[in-house]
Amino acid sequence: MTAEVKQEPVLDTDQETRILLLCHQNPDGVTDAKIQEDMPQFDVRQRVTAINRLLSTGRIDLMKSASGKLIYKLKDTSGGDPVKGGDQQEKVVYQIIKDAGNKGIWIRDIRFKSNLLLTQVNKILKNLESKKLIKAVKSVAASKKKVYMLYNLEPDRTVTGGAWYSDQDFESEFVEVLNQQCYKFLVQKAEASRRTKDDPIAQLNGSYASSQDVWKFISELGISKVQLSVEDIETILDTLIYDGKCERSIVAGAGEGDQTRLYRSVKPLIQSTGLMRMPCGSCPVIKNCHEGGVVSPTTCVYMKEWLTL
């Protein structure tokens, strides 16, 4: 009596080719259900054998989508495998961090997307940091927390705070100096326009300056240690608008969708009343403010700041 030899299914290379083609047609990844739907003529065992073969040869990656489903994606071979020698969990965490870009991702979100334990995530992050594949960056949104991103990326300004922050500290004095110099430039522009003795409309038009003009003026002053952008200057000019010191006008540019922001200094028609200059005048919870309450004049930080001015 001869023993029956159990034969393993012969790997059909057409299955691999079809799976690779499916991944190529769906760069965001395909689920196992999608593969099954596309290849109904093959049973589960044949399909799994083909997928495992592609995974082991490094031609596709097993990932986790934002919705929590396992997906297969065509492996990006343009820059080689940065996590060479790492296990599948390490590759999943690396890909999650890579997808976050230069805005980074919290460790809590990494745990949620990878479905791994905190101890596992911490170990993987430490390993990736030691390989200089990722880095931890402190965020101005939460100074006690860190976000993770690829090692060679420059953090987004929403993470670092841009030009207004230095080591997670807001540079209030630097912002105040910029505020004063921007306003000074607009005042000088308006005064120069009035001295021309042109008609009122010409004087009005001549008093406007574009944000590009203000940026050029600040850049030539050399008062900033960091490279400021036009958007940074527009942020400062917006604070002048809120203070009632200047106004903005937007005009259409030459191209479709092009716009130019123009600014000019203004003087308020009347001075604001004393009540409006103090914190109580615009406090949204003044009705709840009373001595001994949660909101109280004696414990109000805004009142203390105003009194020290």
Side-chain angles (χ1 to χ4, degrees), residues 1-101 104-136 148-153:
M1 183 176 179
T2 58
E4 183 180 352
V5 179
K6 187 177 181 180
Q7 294 185 349
E8 295 293 331
V10 178
L11 182 62
D12 188 350
T13 54
D14 286 343
Q15 297 174 43
E16 296 181 30
T17 303
R18 294 189 64 167
I19 294 173
L20 288 172
L21 180 61
L22 195 61
C23 290
H24 181 73
Q25 294 171 344
N26 299 271
D28 291 333
V30 293
T31 61
D32 187 65
K34 180 68 175 177
I35 297 175
Q36 183 180 1
E37 179 185 341
D38 187 74
M39 304 167 58
Q41 68 273 33
F42 300 113
D43 59 29
V44 177
R45 191 173 184 182
Q46 290 173 310
R47 191 170 64 255
V48 170
T49 303
I51 291 173
N52 286 340
R53 171 71 179 170
L54 291 172
L55 286 171
S56 62
T57 55
R59 301 170 75 183
I60 63 173
D61 277 329
L62 176 62
M63 311 295 297
K64 196 164 189 177
S65 67
S67 60
K69 294 182 179 180
L70 292 176
I71 57 174
Y72 301 97
K73 294 181 69 172
L74 201 63
K75 193 173 187 66
D76 182 13
T77 57
S78 58
D81 184 8
V83 202
K84 190 175 181 180
D87 58 19
Q88 194 60 38
Q89 292 179 344
E90 192 169 299
K91 292 180 179 179
V92 168
V93 171
Y94 176 84
Q95 187 62 41
I96 290 172
I97 296 174
K98 181 180 179 182
D99 292 341
I105 185 170
W106 306 105
I107 189 171
R108 179 190 60 188
D109 296 330
I110 297 175
R111 285 182 59 198
F112 174 76
K113 291 188 176 184
S114 64
N115 200 26
L116 297 173
L117 298 175
L118 178 60
T119 52
Q120 292 175 297
V121 173
N122 283 331
K123 183 179 179 181
I124 292 172
L125 291 175
K126 189 175 182 180
N127 192 26
L128 292 174
E129 283 188 276
S130 65
K131 295 178 181 178
K132 293 190 180 299
L133 293 175
I134 66 170
K135 62 183 175 182
Y148 292 88
M149 64 185 66
L150 296 189
Y151 187 82
N152 60 342
L153 291 181

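Just so you know, these numbers come straight off a predicted model, no measurement behind them.
The number of heavy atoms from other shown groups lying within 6.0 Å of NZ (Lys135) is above 12.
For the pair Leu20 and Cys23, the minimum side-chain heavy-atom distance is 4.5 Å or more. When side chains are defined from C-beta on, Ile110 does not count as touching Ile124, because their heavy atoms never get closer than 4.5 Å. Looking at heavy atoms from C-beta onward, Leu133 lies in side-chain contact with Tyr94 at the 4.5 angstrom threshold. Looking at heavy atoms from C-beta onward, Asp32 lies out of side-chain contact with Leu70 at the 4.5 angstrom threshold.
Contact detail for Leu22 and Val30: the closest heavy-atom pair is O-CG1, 3.8 Å. Here the closest heavy-atom approach between residue Ile19 and residue Leu54 is recorded as CG2-CD1, 3.6 Å. Contact record, Leu128 with Val93: CD1-CG1, 4.2 Å, taken as the closest heavy-atom pair. Among all heavy-atom pairs drawn from Tyr148 and Ile97, the shortest one is O-CG2, 3.7 Å. Taking both residues in full, the closest heavy atoms of Ser114 and Val92 are given as CB-CG1, 4.3 Å, listed atom of the first, atom of the second, then distance. For Gly29 against Ile71, the heavy-atom pair with the smallest separation is CA-CD1, 4.1 Å.
Using a distance-only test at 3.5 Å, with no hydrogens or angles considered, a donor-acceptor pair links the side chain of Gln46 to the main chain of Asp43.
Atom CG of Asn122 and atom CG of Leu116 lie 11.0 Å apart (nearest 0.5 Å). Put simply, CD1 on Ile105 and CE on Met149 are 11.0 Å apart, with the number rounded to the nearest 0.5 Å. Between Gln89 atom CD and Gln120 atom CD the span is 5.0 Å, to the nearest 0.5 Å. Within the model, atoms CD of Gln36 and OG1 of Thr31 stand 9.5 Å from one another, a figure rounded to the nearest 0.5 Å. How far CD1 of Ile35 is from CD1 of Ile51: 4.0 Å, rounded to the nearest 0.5 Å. Atom-to-atom distance recorded for Lys98:NZ and Ile134:CD1 is 14.0 Å, nearest 0.5 angstrom.
A salt bridge (charged side-chain N to carboxylate O under 4.0 Å, His left out) check over residues 108-121, counting only residues at least two apart or in different chains, returns nothing. Contacts classified as salt bridge (charged side-chain N to carboxylate O under 4.0 Å, His left out) and involving residues 114-129 (residues at least two apart or in different chains) are not found.
For the residue pair Asp99 and Gln95, a side-chain donor N or O sits within less than 3.5 Å of a side-chain acceptor on the partner. There is a side-chain donor-acceptor pair under 3.5 Å between Asn127 and Glu90.
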Tyr72 vs Leu62, test: side-chain contact (heavy atoms from CB on, under 4.5 Å). Steps then yes/no.
CA-CA 5 Å; Tyr72 301 97; Leu62 176 62; 3.6 Å; yes

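Scanning for side chain to side chain donor-acceptor pair (under 3.5 Å) contacts around Asp38 gives an empty result, with sequence neighbours left out.
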